[in-house]
Amino acid sequence: MSKKLTKRSEDYSKWYNELVVRADLAENSGVRGMMVIKPYGYAIWEKMQAELDRMFKETGHENAYFPLLIPKSYFSKEASHVDGFAKECAVVTHYRLKNSEDGKEIILDENAKLEEELIIRPTSETIIWDSYRKWIQSYRDLPLLINQWANVLRWEMRTRLFLRTAEFLWQEGHTAHATKMEAVEEAKKMQGVYAEFAENFMAMPVIKGEKSENERFAGALDTYTIEALMQDGRALQAGTSHFLGQNFAKAFDVKYTTKEGKQEYVWATSWGVSTRLMGALVMTHSDDKGLVLPPKLAPIQLVIVPIYKSEDQLDQISEKVEEMMKRIKGLGISVKYDNRTGYKPGWKFAEYELKGVPLRIAIGPRDLENNTVELARRDTLEKDIISIENIEVKINSLLEEIQINIFEKALDYRNGLITEVSDFNEFTEVLENKGGFISAHWDGTPETEDKIKKLTKATIRCIPNDAIDEEGKCVLTGNKSIKRVLFAKAY
RNA sequence: CGGGGUGUAGCGUAGCCCGGUUAGCGCGCCACGCUGGGGGCGUGGAGGUCGGAGGUUCAAAUCCUCUCACCCCGACCA
């Protein structure tokens, strides 16, 4: 294995794959399109989960768990939903295996064929709404605010670690409301929660917006999205929140009695983010030396590497380190002391840079004499000799600074790659040579969007929430347009 | 699913076209020693169903068929 990663400028895709594997986040498994998430990667996911879970609960949601398998008949109840997912469903048809006649292999037992085939959930709307029918009787049962942490399965053609795997982990919120307005508000609120999480914790700037009809979730009336921009100029949909109208309520006959005693269908939302966020995290901040993790999500925030010649020296250093660690841990900072023998300091430095640990302390005999350490930050790669006195305070504020700095950096980069264009030549020129988001007028029709997609591979990522009303002409057709939308090539 | 490519030790690879000793090398791993402020060095050692199945042959990593997986480019998608 070569020591250095492929450079982003050489082959962005290769860089990403190498990095995910080398940094010990995940690896491919023996099962097509499915990955193993390794402990270091999973630790990051757990941090994401913990924070999101906290935010969901703060906004009034409760967790529950629904079955992995969905009867085929449930699945077919909502027509556009079927259209969206049917092509990528795995199906359970039998419940028993047996030895083959020659005893050499295990085969399906045809006597154990299921009466009704079961779909492995690609998303859980249908099975959840089947329960909601029983749970919801009265306006007093609303709103129903439920979230589920689960795995789902979508038989994708081409997969990539974290960005698109056949099985992935996610959360899916499913809410039911008495009024349309309340459901729309809920969907928008959760878009806001996602945006806040992305920006404050992942340090990943996102654009909040609405999906065009073409890009909407199967079965949704409106899809609210957060869109991020990766370092190769391609956009990544990082989270979506859907206003589902009464589609699922009607499909599953979920009605409630109003105060006035009338029967009404409920209004629904669903919203989700997945392990894809891990891919987004990697591609937003990392560099040619490896991961760059935001301190708020880094499993290890500070690593301490001793530099020594003799056992004696190591003992002295360790003593100093123990004392220092106590103070640092006291501030809730996660710190690892890597006193493994057999790895040289230089090796360890490179290793922790690869893994994106935000701060690194090196401490050797020279430091013992001066009561100092060498403190290096991952984001800028800057190193400083600092005093051990009150080091925990310095570290704490530096972690905060790094969190802000990588966000600002990503934001500058992203803002530099939003380009307003006024005609189609300019559109294709910017798309090919610069990349990023293209802000352009669009006549609002799916046909035009399709044509642009066919011609350029760019899609409408979103109609930004903050788009200003502005008369203009559609970049392709010249028809009237009232606001700009964001196009990009997307993951 | 269409086009192209690749599977040889944990990882990266040579050998394959043109079949023929014990399948070679680098990294990693284990032991010992020298080392230690940016992936250090030496000595010794372990590790292989050559992706899998079948076939051709006196003989297969090498030729043929099927199959599986992965990578790149398209269509599909969180």
Side-chain angles (χ1 to χ4, degrees), chain A residues 1-6 11-14 16-18 21-22 27-35 83-89 104-105 122-123 152-172 194 211 214-218 220 223 225-228 235-242 270-280 289-290 305-311 313-314 317 339-354 360-370 372-374 376 381 383 385 453-454 457 459 490-491:
Chain A
M1 186 173 5
S2 71
K3 282 175 182 170
K4 293 214 163 134
L5 281 171
T6 297
D11 186 340
Y12 192 78
S13 182
K14 195 171 174 194
Y16 173 80
N17 275 108
E18 272 181 26
V21 171
R22 297 262 307 270
E27 63 189 21
N28 279 306
S29 72
V31 193
R32 172 190 218 117
M34 304 194 195
M35 64 178 167
D83 285 350
F85 289 105
K87 296 172 302 237
E88 48 192 38
C89 283
K104 280 186 179 158
E105 51 181 348
T123 178
V152 287
L153 186 67
R154 298 179 188 176
W155 212 262
E156 298 287 350
M157 297 298 179
R158 279 182 65 194
T159 59
R160 277 184 91 194
L161 293 169
F162 289 117
L163 295 175
R164 183 172 303 110
T165 49
E167 181 189 9
F168 57 93
L169 305 183
W170 75 346
Q171 59 70 219
E172 46 182 326
Y194 288 154
K211 285 292 187 189
N214 280 2
E215 298 284 322
R216 235 175 250 157
F217 177 75
T223 289
T225 181
I226 55 169
E227 298 284 327
L236 185 93
Q237 177 175 311
T240 47
S241 179
H242 315 290
S270 72
W271 29 274
V273 293
S274 72
T275 34
R276 179 180 243 200
L277 289 180
M278 293 285 295
K289 284 179 178 290
V305 177
I307 295 159
Y308 56 94
K309 287 184 183 160
S310 64
E311 285 282 316
Q313 274 179 343
L314 178 59
I317 291 167
N339 59 356
R340 286 179 297 175
T341 56
Y343 291 102
K344 289 192 36 170
W347 188 91
K348 291 177 182 174
F349 295 168
E351 180 68 9
Y352 291 108
E353 275 162 11
L354 180 62
R360 180 189 72 226
I361 281 176
I363 175 168
R366 222 154 60 201
D367 296 303
L368 284 186
E369 277 175 36
N370 304 328
T372 58
V373 296
E374 181 194 82
L381 298 168
K383 293 187 284 196
I385 305 293
K453 186 178 179 182
K454 286 216 174 73
K457 286 171 200 156
T459 50
Y491 274 95

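A, B, ... follow the sequence lines: proteins, then strands. Residue 1 opens every chain.
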Within-4.5 Å side-chain heavy-atom neighbours: A:Leu354 and A:Lys289: no

Sub-4.5 Å side-chain heavy-atom contact between A:Ile226 and A:Gln237: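 Not touching, per the 4.5 Å side-chain cut-off.
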
Take atom [atom1] in [N] and the same atom in [M], then report the distance between them in whole Å.
| N | M | atom1 | result |
| --- | --- | --- | --- |
| B:rA69 | B:rG28 | P | 33 Å |
| B:rG19 | B:rA59 | P | 15 Å |
| B:rC32 | B:rG24 | C1' | 27 Å |
| B:rG5 | B:rU22 | P | 34 Å |
| B:rG4 | B:rA75 | C1' | 16 Å |
| B:rC29 | B:rG48 | C1' | 15 Å |
| B:rA46 | B:rG15 | P | 27 Å |
| B:rC25 | B:rA14 | C1' | 7 Å |

Please figure out whether A:Met34 or A:Thr341 has its closest RNA chain B nucleotide nearer the 5' end. A:Thr341

Could you pick out which residue, A:Glu374 or A:Leu161, lies toward the 5' side of RNA chain B when each is mapped onto its nearest nucleotide? A:Glu374

For the residue pair [X] and [Y], confirm or rule out a side-chain donor-acceptor distance under 3.5 Å.
| X | Y | value |
| --- | --- | --- |
| A:Ser13 | A:Arg160 | yes |
| A:Thr225 | A:Glu227 | yes |
| A:Ser270 | A:His242 | no |

List the protein contact pattern of nucleotides 40-47 of chain B with one symbol per nucleotide (5' to 3'): B for base contact, S for sugar-phosphate-only contact, - for none; contact means a heavy-atom distance under 4.0 Å. B-------

B/S/- along nucleotides 72-78 of chain B (protein heavy atoms under 4.0 Å) is SBBBBBB

List RNA chain B stems (3 or more consecutive Watson-Crick/G-U pairs, under 3.5 Å)?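 Stem segments, range with range: B:1-7 with B:68-74, B:10-13 with B:24-27, B:29-34 with B:40-45, B:51-55 with B:63-67.
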
Nearest to side-chain heavy atoms of A:Tyr343, which nucleotide of B:rG37, B:rC71, B:rC29: B:rC29

Validation row, ring centre A:Phe85 to ring centre A:Phe217 under 6.0 Å: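 They qualify: ring centres under 6.0 Å apart.
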
Distance-minimising heavy-atom pair for A:Thr159 and A:Gly33: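 Nearest heavy atoms, A:Thr159 then A:Gly33: OG1-CA, 3.4 Å.
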
So what does A:Gly33 hit on the nucleic acid, given a heavy-atom distance under 4.0 Å: a base, only sugar-phosphate, or nothing?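 The residue A:Gly33 makes sugar-phosphate contact but no base contact.
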
Would you kindly check whether a donor in the side chain of A:Lys348 faces an acceptor in the base of B:rG36, or vice versa, at under 3.5 angstrom? no

A cation-pi test, strictly: NZ or CZ of A:Arg360 under 6.0 Å from the centre of the six-membered ring of A:Phe349 and no more than 45 degrees from its axis. Yes or no? yes

